[in-house]
> 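The structure under discussion is supplied below as structure tokens; questions concerning it will follow.
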2 protein chains.
Amino acid sequence: MSKYGMYAKFTAKPGERDKLVDILLEAAAGAELVQECELYIVNVSDTEPDTVWVTEVWSSKEAHDASLQQEATKASIQRAMPLIAGVESIQIRPVGGKGI
Amino acid sequence: MSKYGMYAKFTAKPGERDKLVDILLEAAAGAELVQECELYIVNVSDTEPDTVWVTEVWSSKEAHDASLQQEATKASIQRAMPLIAGVESIQIRPVGGKGI
């Protein structure tokens with residue numbers, strides 16, 4: 001089965017980026033226990049102050065989709081939603097390299 | 001010192017994507033020996049057949065910049081150049097998460 005990757009771009013409402021980062025880092029900490037989640041890195045931008053990028057790699061698209069149904073994920077999304085002005089994502093298929 | 005991250009998007013010339021992927025995977029194999037390179041993942045797109053994304057995380061921007069001066073890196077770039085129609089990149093600053 002192919003691995004599944006995503007670059008998810010969150011645009012925070014003005015002044016809310018750091019709160020959003022904290023919630024995403026908590027989600028990343030939860031992902032430490034999820035074997036199917038291989039990578040969940042939270043990044044900011046030095047040129048776009050409201051932008052947060054999350055780099056995700058999962059063992060499969062199914063594993064990623066299933067994670068969205070978890071109660072912990074739903075609770076994180078609920079907390080993050082009021083801080084977010086927009087979301088875009090780039091779907092990718094990891095084929096190899098260092099770190100996966 | 002801040003970590004340094006990048007999403008590098010390569011657009012291959014038509015029909016050349018897989019050759020480009022092979023060169024990038026060789027570069028990733030070389031990066032296994034480079035401690036300052038924490039992540040170098042080669043990805044393709046299921047919707048854009050000429051696109052290759054590379055996810056990079058380095059211990060610092062300086063470490064990334066220094067890698068571009070290595071002979072092995074220059075040789076890889078020389079081999080890849082004829083296969084590439086365009087390059088864009090998104091600079092990011094990893095702050096934490098699973099996998100770094």
Side-chain angles (χ1 to χ4, degrees), chain A residues 2-10 12 17-49 51-61 64 67 76 88-100, chain B residues 2-10 12 17-49 51-61 64 67 76 88-100:
Chain A
S2 292
K3 289 186 194 292
Y4 177 75
M6 192 188 333
Y7 302 144
K9 181 182 186 176
F10 297 92
R17 184 196 73 177
D18 290 350
K19 274 187 223 167
L20 178 59
V21 164
D22 286 345
I23 292 171
L24 292 166
L25 287 173
E26 282 176 39
E32 291 287 347
L33 303 171
V34 180
Q35 199 181 350
E36 294 81 7
C37 177
E38 300 186 23
L39 213 67
Y40 192 102
I41 302 174
V42 181
N43 309 271
V44 295
S45 166
D46 286 331
T47 53
E48 299 178 7
T51 294
V52 184
W53 284 98
V54 179
T55 310
E56 298 182 43
V57 174
W58 294 80
S59 58
S60 68
K61 183 171 192 311
H64 169 263
S67 78
S76 290
E88 298 163 63
S89 68
I90 299 168
Q91 321 292 318
I92 51 180
R93 178 157 53 85
V95 292
K98 181 172 185 176
I100 56 167
Chain B
S2 291
K3 289 186 196 291
Y4 177 74
M6 191 188 331
Y7 302 144
K9 181 182 186 176
F10 297 92
R17 184 195 72 178
D18 290 351
K19 275 188 222 166
L20 178 59
V21 164
D22 287 345
I23 293 171
L24 292 166
L25 287 173
E26 282 177 38
E32 291 287 346
L33 302 172
V34 181
Q35 198 181 350
E36 295 81 7
C37 178
E38 300 187 23
L39 213 69
Y40 192 102
I41 302 174
V42 182
N43 309 272
V44 295
S45 166
D46 287 331
T47 52
E48 298 178 7
T51 295
V52 184
W53 283 98
V54 178
T55 310
E56 298 182 44
V57 174
W58 295 79
S59 57
S60 69
K61 183 171 191 309
H64 169 263
S67 78
S76 290
E88 299 163 62
S89 69
I90 299 167
Q91 320 293 318
I92 52 180
R93 179 157 52 86
V95 292
K98 182 173 185 176
I100 57 167

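Proteins get letters first, then strands, A, B, ... in listed order; numbering begins at 1 in each.
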> Output the option from A:L24, A:V52, A:T51, A:V44 having the highest count of non-hydrogen pairs under 4.5 Å with chain B.
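Going by pairs under 4.5 Å, I would pick A:V44.
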> Suppose a student defines contact as a heavy atom less than 4.5 Å from any heavy atom of chain B. Which residues in residues 93-100 of chain A would they list?
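A:R93, A:P94, A:V95, A:G96, A:G97, A:K98, A:G99, A:I100, listed by number.
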> Between B:L25 and chain A, which part of the residue has a heavy atom less than 4.5 Å away: side chain, backbone, both or neither?
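Looking at B:L25, just its side chain touches chain A.
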> Examine whether an atom of B:A31 lies under 4.5 Å from a heavy atom of chain A, and if so say whether it belongs to the side chain, the backbone or both; otherwise answer neither.
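Both backbone and side chain.
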> Would you mind reporting whether A:I41 and B:T55 have side-chain heavy atoms less than 4.5 Å apart?
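When only atoms from C-beta onward are counted, A:I41 and B:T55 do not touch, as no gap falls below 4.5 Å.
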> Of all residues at least two apart in sequence or in a different chain, which pass the ring-ring contact (aromatic ring centres under 6.0 Å, His included) check with B:Y7?
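With sequence neighbours excluded, B:Y7 shows a ring-ring contact (aromatic ring centres under 6.0 Å, His included) to A:Y7, A:W53, given in chain and number order.
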> For chain A, find which of B:I90, B:V54, B:L39 contributes the most heavy-atom pairs closer than 4.5 angstrom.
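Counting heavy-atom pairs under 4.5 Å, the top option is B:L39.
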> Return the option, out of A:V21, A:T47, A:D46, with the maximum number of heavy-atom pairs under 4.5 Å with chain B.
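That would be A:D46.
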> Given the options A:C37, A:A27, A:S45, A:S2, which has more heavy-atom pairs under 4.5 Å with chain B than any of the others?
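Of the candidates given, the most pairs with chain B belong to A:C37.
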